[in-house]
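Please read the structure below before turning to the comments.
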Amino acid sequence: MYQKPKGTRDLFGKELRRLEAMNSAARSFFGRNGYEEIRTPSFEFAALFDRSIGATTDIVEHEIYKFEVSKKLYALRPEGTASVLRAFIENRIALPARFLYICSMYRRERPQKGRYREFEQIGIELLGESKPFFDAEIIDQAKRYLDLIGARDYTIELNSIGCQDCRSEYREKLREELKADIPKLCDDCRRRFEKNFLRIFDCKKETCQAVYDRVPKISDNLCTECAEHYAQVTEYLNKFGICYAENKKLVRGLDYYTRTVFEFKHGGLGAQDTIIAGGRYDLLMKELGGPDTPCTGWAMGPERLLLTIPEDLPALNAKEIFFIAGMGERFVGDIVALRNQIQDGGHVCMVGDPGESIKAQVRKANRVGAKYSIIYGEDEEREGYYTVKNMDSGEQRKIPKNDFVSFISETKGS
RNA sequence: GUGAGUGUAGCUCAACCGGCAGAGCAUUGGACUGUGGCUCCAAUGGUUGGGGGUUCAAGUCCCCUCACUCACCCCA
């Protein structure tokens, strides 16, 4: 028996409907906010991600699916931002630009709760706006979207990790501060400090956290411009009426972030509790060879979000289902014509095997959730009507063939 | 890449110290010949994830392997 690769899923039924409901809600909500959907290739040249995410991050080092064809090295995209910026630059799109993407991403990690090797991301990118207002605005939009689809009990955490100048200055300060404590830190943290020093604050070990609790934080060591920017972001968030918590230990895993970073988290998700993460990345566009352009954006993990939302997501318009039970092979022509008529009227219609007993067919009608069973056999043919059984009430009506069109259209709205 | 846990019928799970592989639900048929759901009766359903070993005897103990789950790492 064939099996799907580790970390992938077959999506169907309720799960896929819920996911698709989120996607269409995102398209219409962010569409109303001026975001235009963009779809970039599932794979890019691998170098794009080295440059954007950071060549020393774990994602680039061993989580990307890479493959070489005709001496060219490709990579399945592990995230969306790099591709969107590449597309923006390559297609010479005008500023300011607002993009929405809904795409599968690929990372070769060990799967666990809320983490897969192929997973969806819904993300927005706002290109060409530098003002703190827009940092706050994309947070506000994320929050309103979550509220719209019925998410509850999430928290918003905010921090600023400054620009390159504040960061390199802070890094030396931190190195001094930590000197005496280095023996207390875990191996991972020592490694982190060399590779991506801010990430030490993400460590889950209490012994490490005890040290970081009393060490100066980057948000208290910003340059004047970054500090002013951060202060204004918090002011705007207050004006928007958004509840958030400042988390001085909040950092991001990707290299390209500057100044504002934020996460939306949800308890009850286990270890992977971040449902939305993003921030400002003013340097990346230039880094990728484009015009010097300030940008903000975030990405959401819809699978994780769905884990937090109770079953009854605002349903897509539930269609009424018809089921035709024909009483013998010789009615196939009539049955098919009737099926077409019902489907042309915009309804869902399934047909039973006319060779099966009426009992077996009505049972199947029940099983597929049919609202109406239509029985057609010798009596109906002779006298020119359809027997229509309402599967909820059990009530049964004879509807003359000539009246059937109006029956169909009446049924539509109910 | 590292660690822990779990794999028994389509699904959810039993099976004592190693001693004939079981139940509920689902499926199919019947009671009810052209009428589903509810009830009752019956039937079908298994190389106990796979391979090897120990033993008179392995679902059970040992080794290997595969898959899933959770956590570390990392991240949406």
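The chains referred to below are lettered A, B, ... by the order of the sequence lines, with proteins before strands, and numbering in each begins at 1.
- Distance check on atom C1': B:U27 versus B:U69 gives 29 Å, rounded to whole Å.
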Side chain to side chain donor-acceptor pair (under 3.5 Å) between A:Glu118 and A:Tyr65: does it pass, once the steps are laid out?
-> CA-CA 11 Å; A:Glu118 179 180 35; A:Tyr65 285 98; over 6 Å; no

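- Residues of residues 261-271 of chain A having a heavy atom closer than 4.0 Å to RNA chain B, listed by number: A:Gly270, A:Ala271.
- Using C1' as the reference atom, B:U55 and B:G18 are 9 Å apart when rounded to the nearest Å.
- Nucleotides B:U48 and B:G10 are separated by 16 Å at their C1' atoms, to the nearest Å.
- To the nearest angstrom, C1' of B:C70 lies 11 Å from CD of A:Gln272.
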Only pairs under 3.5 Å count here: list side-chain donor-acceptor contacts from residues 324-342 of chain A, not counting sequence neighbours, and write none if there are none.
unit_1: A:Arg330; atom_1: NH1; unit_2: A:Glu381; atom_2: OE1; d: 3.3

Quick one: do A:Tyr281 and A:Glu125 satisfy side chain to side chain donor-acceptor pair (under 3.5 Å)? Show the steps, please.
-> CA-CA 10 Å; A:Tyr281 48 99; A:Glu125 313 288 359; 2.3 Å; yes

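- A salt bridge links A:Asp181 to A:Lys184: one of the charged nitrogens lies within less than 4.0 Å of a carboxylate oxygen.
- Between A:Lys205 atom NZ and B:C74 atom C1' the separation is 13 Å, expressed in whole Å.
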Exercise answer: donor-acceptor pairs, residues 96-104 of chain A side-chain atoms, under 3.5 Å, sequence neighbours excluded:
unit_1: A:Ser104; atom_1: OG; unit_2: A:Glu120; atom_2: OE2; d: 3.0

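- Using a cutoff of 4.0 Å between basic side-chain nitrogens and carboxylate oxygens, A:Glu383 and A:Lys398 are not scored as salt-bridged.
- Taking the six-membered ring for Trp and the full ring otherwise, the centers of A:Trp298 and A:Tyr35 sit at least 6.0 Å from each other.
- For RNA chain B, the stems formed by at least three consecutive Watson-Crick or G-U pairs, with both atom-pair distances below 3.5 Å, span B:1-7 with B:66-72, B:10-13 with B:22-25, B:27-31 with B:39-43, B:49-53 with B:61-65.
- By the 4.5 Å heavy-atom criterion applied to side chains, A:Tyr116 and A:Glu303 are counted as neighbours.
- Applying the 4.0 Å criterion to OP1 and OP2 of B:A71, one finds that A:Gln112 has a side-chain N or O inside that range.
- Using a distance-only test at 3.5 Å, with no hydrogens or angles considered, no donor-acceptor pair links the side chain of A:Arg115 to the main chain of A:Gln272.
- Using a 4.0 Å heavy-atom criterion, one finds that A:Arg9 contacts no nucleic acid atom at all.
- With C1' as the reference atom, B:A14 and B:G24 are 10 Å apart, rounded to whole Å.
- Taking atom NE2 on A:His62 and atom P on B:C74, their separation rounds to 9 Å, with Å as the unit.
- Remark: aromatic rings of A:Phe240 and A:Phe133 are close, center separation under 6.0 Å.
- Using a 4.0 Å cut-off, no side-chain N or O of A:Lys113 falls inside it from OP1 or OP2 of B:A71.
- Salt bridge absent: A:Lys143 and A:Asp140 never bring a charged side-chain N and a carboxylate O closer than 4.0 Å.
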For the pair A:Arg397 and A:Tyr385, evaluate side-chain contact (heavy atoms from CB on, under 4.5 Å) and give the outcome as yes or no after the intermediate values.
-> CA-CA 10 Å; A:Arg397 286 162 59 187; A:Tyr385 64 89; over 6 Å; no

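- OP1 or OP2 of B:C74 lies within a sub-4.0 Å distance of a side-chain N or O belonging to A:Arg191.
- A:Ile275 comes within 4.0 angstrom of sugar-phosphate atoms only, judged by non-hydrogen atoms across all strands, and of no base.
- What separates CG of A:Leu250 from P of B:A76 is a distance of 11 Å, to the nearest Å.
- Look at NZ on A:Lys4: it is 14 Å from C1' on B:C66, rounded to the nearest Å.
- Along RNA chain B, the nucleotide nearest to A:Thr274 and the one nearest to A:Pro111 differ in position, and the one closer to the 5' end is contacted by A:Pro111.
- Atom P of nucleotide B:C74 and atom OH of A:Tyr65 are separated by 19 Å, given to the nearest angstrom.
- Nucleotide B:C73 holds its P atom 14 Å from the CG atom of A:Leu185, rounded to whole Å.
- B:C20 and B:C63 are spaced 28 Å apart, taking the C1' atom of each and rounding to whole Å.
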Test log, rule side-chain contact (heavy atoms from CB on, under 4.5 Å), inputs A:Phe49 and A:Leu76 = CA-CA 10 Å; A:Phe49 302 118; A:Leu76 295 181; over 6 Å; no

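- Of the charged side-chain nitrogens involved, none lies within less than 4.0 Å of a carboxylate oxygen, so that A:Glu20 and A:Arg17 do not count as a salt-bridged pair.
- Side-chain atoms of A:Lys6 lie closest to B:C68 of the nucleotides B:A76, B:C70, B:C68.
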Tell me, for nucleotides 34-43 of chain B in 5' to 3' order, what letter each nucleotide earns: B for a base near a protein heavy atom under 4.0 Å, S for only sugar-phosphate near one, - for neither?
-> BBBB------

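- Here the separation of B:U6 from B:C62, taken at their P atoms, is 12 Å to the nearest Å.
- For A:Arg108, no side-chain nitrogen or oxygen approaches OP1 or OP2 of B:C74 to under 4.0 Å.
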Under 4.0 Å protein heavy-atom contact, by nucleotide of nucleotides 2-11 of chain B - B base, S sugar-phosphate only = BB--------

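- Across the P atoms, B:A23 and B:G45 are found 14 Å apart, a figure rounded to whole Å.
- A side-chain N or O of A:Tyr154 and one of A:Asp147 form a donor-acceptor pair less than 3.5 Å apart.
- Rounded to a whole Å, the CZ atom of A:Arg304 is 14 Å from the C1' atom of B:C70.
- At the phosphate of B:A76, OP1 or OP2 sits under 4.0 Å from a side-chain N or O atom of A:Arg252.
- Separating the P atom of B:C40 from that of B:C13 is a span of 25 Å, rounded to the nearest Å.
- Under a 4.0 Å N-O distance rule, the pair A:Glu263/A:Arg252 qualifies as a salt bridge.
- At the heavy-atom level, A:Gly114 lies under 4.0 Å from base atoms of the strands shown.
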